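Please read the structure below before turning to the comments.
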Amino acid sequence: MNEGSQNASTPAVGLAEEDDPFALFDQWFADASESEINDPNAMILATLDDDGLPNARTLLLKGVDEPAAGPDRGYTFYTNFESAKGRELMGHPKAAMVFHWKSLRRQVRLRGLIAPVSPEEADAYYASRPRGSQIGAWASMQSRPLESMQALNAAVEEATARFPEDQPVPRPPHWSGFRLVPLEMEFWHDRPYRLHERVVFRRSSPDAAWQRSRLFP
């Protein structure tokens, strides 16, 4: 981050007055959707394996729940349940997300509980994907050893032949989504001389009230 790039007296958008972290995330995400060159929904997802060793990778956020979702309101993404992250999330259903919007000099960190999305949600999102991506979900044994790109191409060809063009591609039984229901949401905004603005919202459970506090940079 550049030092001295902003006026030290200027607060980050929304941090001074917003008491609802979901609403603040929505505001910042909308801003990022206007300013980021590529993938404003890109995020880092961190999980734990059975040895307690952290694992992290970049994914795309695919859903933000509306307030009507109630206490299970959260942030969704999709994957192969037999992948490394799928196995880790099923075995240890807690995770962390990080969004960094470089164009805005903002970052949001989330930590919380993980639960699979409903089959209906997974079906609806899967049906919205390009056909090639649907075929890829059948062809890829995600995270497992691949002997060569030729073997992957052969798997794609086999899956393509399996599902004729005039028929929909069904969702694989091993492919679905997860929802992170946050217990903590931290909003970070760059300010000069590393005197960054940080506001964190915490709650003890999904149906508990949020507690808001500021943090030293």
Side-chain angles (χ1 to χ4, degrees), residues 21-22 25 39 41-65 69-100 107-126 129 133-156 158-159 170-188 198 200-208 210-211 215:
F22 288 109
F25 181 94
D39 300 327
N41 58 333
M43 64 179 184
I44 303 298
L45 177 76
T47 58
L48 288 176
D49 68 13
D50 288 338
D51 295 323
L53 190 65
N55 213 346
R57 74 287 284 166
T58 302
L59 301 180
L60 297 179
L61 180 72
K62 290 299 183 179
V64 179
D65 291 331
D72 293 329
R73 183 181 183 187
Y75 301 89
T76 58
F77 56 94
Y78 292 85
T79 188
N80 185 322
F81 275 14
E82 297 174 354
S83 66
K85 63 179 165 300
R87 296 194 306 270
E88 289 165 3
L89 290 168
M90 295 295 281
H92 307 279
K94 297 179 180 179
M97 293 177 174
V98 181
F99 295 84
H100 177 218
Q107 174 178 277
V108 182
R109 299 169 59 212
L110 297 83
R111 297 199 299 161
L113 309 177
I114 288 288
V117 304
S118 70
E120 294 76 15
E121 286 178 275
D123 286 342
Y125 174 70
Y126 184 81
R129 306 181 84 205
S133 296
Q134 295 175 339
I135 293 292
W138 283 96
S140 175
M141 299 174 63
Q142 192 173 350
S143 298
R144 278 157 287 185
L146 174 65
E147 60 186 70
S148 67
M149 288 303 297
Q150 288 76 13
L152 177 60
N153 292 336
V156 171
E158 187 278 330
R171 177 172 62 88
H174 55 266
W175 191 98
S176 189
F178 290 102
R179 171 176 284 101
L180 185 145
V181 179
L183 299 179
E184 181 176 306
M185 299 177 70
E186 181 189 320
F187 297 81
W188 177 101
R198 295 174 65 188
V200 63
F201 297 82
R202 295 189 178 101
R203 59 184 179 177
S204 57
S205 66
D207 55 359
W210 289 103
Q211 303 297 316
L215 303 176

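Not measured: the values here are computed from a predicted model. Quick note: residue numbers are just sequence positions, from 1.
- A donor atom on one side chain and an acceptor atom on the other are not found under 3.5 Å apart for Lys85 and Thr47.
- The two residues Ala96 and Leu180 have their closest heavy-atom pair at N-CD1, 4.2 Å.
- For Asp207, the CG atom sits in a packed shell: over 12 heavy atoms of surrounding residues, nucleotides or ligands are nearer than 6.0 Å.
- With respect to Leu113, the side chain to side chain contact (heavy atoms under 4.5 Å, CB included) criterion is satisfied by exactly one of Ser205, Pro182, Pro206, Pro93: Pro206.
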Pair Val98-Val108, side chain to side chain contact (heavy atoms under 4.5 Å, CB included): steps then yes or no: CA-CA 6 Å; Val98 181; Val108 182; over 6 Å; no

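- Phe201 meets the ring pair (Phe, Tyr, Trp, His ring centres under 6.0 Å) test with Phe187; sequence neighbours excluded.
- Side-chain atoms of Ser143 come within 3.5 Å of backbone N or O of Ala84 as a donor-acceptor pair.
- Using a distance-only test at 3.5 Å, with no hydrogens or angles considered, no donor-acceptor pair links the side chain of Ser140 to the main chain of Ala137.
- For the pair Arg109 and Phe99, the cation-pi criterion (under 6.0 Å, within 45° of the ring axis) is not fulfilled.
- Residue Met43 holds its CE atom at 5.5 Å from CG of Leu61, rounded to the nearest 0.5 Å.
- The nearest pair of heavy atoms linking Phe77 to Leu60 is CB-O, 3.9 Å.
- Remark: the backbone N or O of Pro170 is paired with a side-chain donor or acceptor of Trp138 at under 3.5 angstrom.
- Salt bridge Arg87/Glu82: absent, no basic N to carboxylate O contact under 4.0 Å.
- Residues Leu183 and Trp210 approach most closely at O-CZ3, 3.6 Å, considering heavy atoms.
- Side-chain contact check for Arg129 versus Tyr78: every heavy-atom pair is 4.5 Å or farther apart.
- Asp65 has a carboxylate O that lies under 4.0 Å from a charged side-chain N of Arg179, or vice versa, which qualifies the two as a salt bridge.
- Nearest heavy-atom pair across Arg171 and Ser176 is NH1-CB, 3.8 Å.
- Listed here is the closest heavy atom pair of Thr58 and Ala42: CG2-CB, 4.4 Å.
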Candidate pair Ile135 and Glu158, rule side chain to side chain contact (heavy atoms under 4.5 Å, CB included), full reasoning: CA-CA 9 Å; Ile135 293 292; Glu158 187 278 330; over 6 Å; no

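- Glu184 pairs by the salt bridge (Lys or Arg N to Asp or Glu O under 4.0 Å) definition with Arg111, Arg202, not counting sequence neighbours.
- Across every non-hydrogen atom of Leu146 and Ala151, the tightest pair is CD1-CB, 4.0 Å.
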Steps toward side chain to side chain contact (heavy atoms under 4.5 Å, CB included) verdict (Leu45, Leu89): CA-CA 11 Å; Leu45 177 76; Leu89 290 168; 4.2 Å; yes

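- Annotation: side chain of Leu48 is not in contact with side chain of Asn55 (no heavy-atom distance under 4.5 Å).
- Aromatic ring centroids of Tyr75 and Phe25 lie under 6.0 Å apart.
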Criterion salt bridge (charged side-chain N to carboxylate O under 4.0 Å, His left out) on Glu88 and Arg57, from CA distance to verdict: CA-CA 13 Å; Glu88 289 165 3; Arg57 74 287 284 166; 3.3 Å; yes

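- Taking CG of Leu110 as the reference point, atom CE of Met97 lies at 6.5 Å (rounded to 0.5 Å).
- A donor-acceptor pair is defined here as one N or O able to donate and one able to accept, closer than 3.5 Å; such a pair exists between the side chain of Asp49 and the backbone of Asp51.
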Phe178/Thr79 under side chain to side chain contact (heavy atoms under 4.5 Å, CB included): CA gap, chis, key distance, verdict: CA-CA 8 Å; Phe178 290 102; Thr79 188; 3.8 Å; yes

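- Scored by the ring pair (Phe, Tyr, Trp, His ring centres under 6.0 Å) test, Tyr126 finds Trp175 as partners (sequence neighbours excluded).
- In this structure, the side chains of Leu152 and Met141 stay at 4.5 Å or more apart for every pair of heavy atoms.
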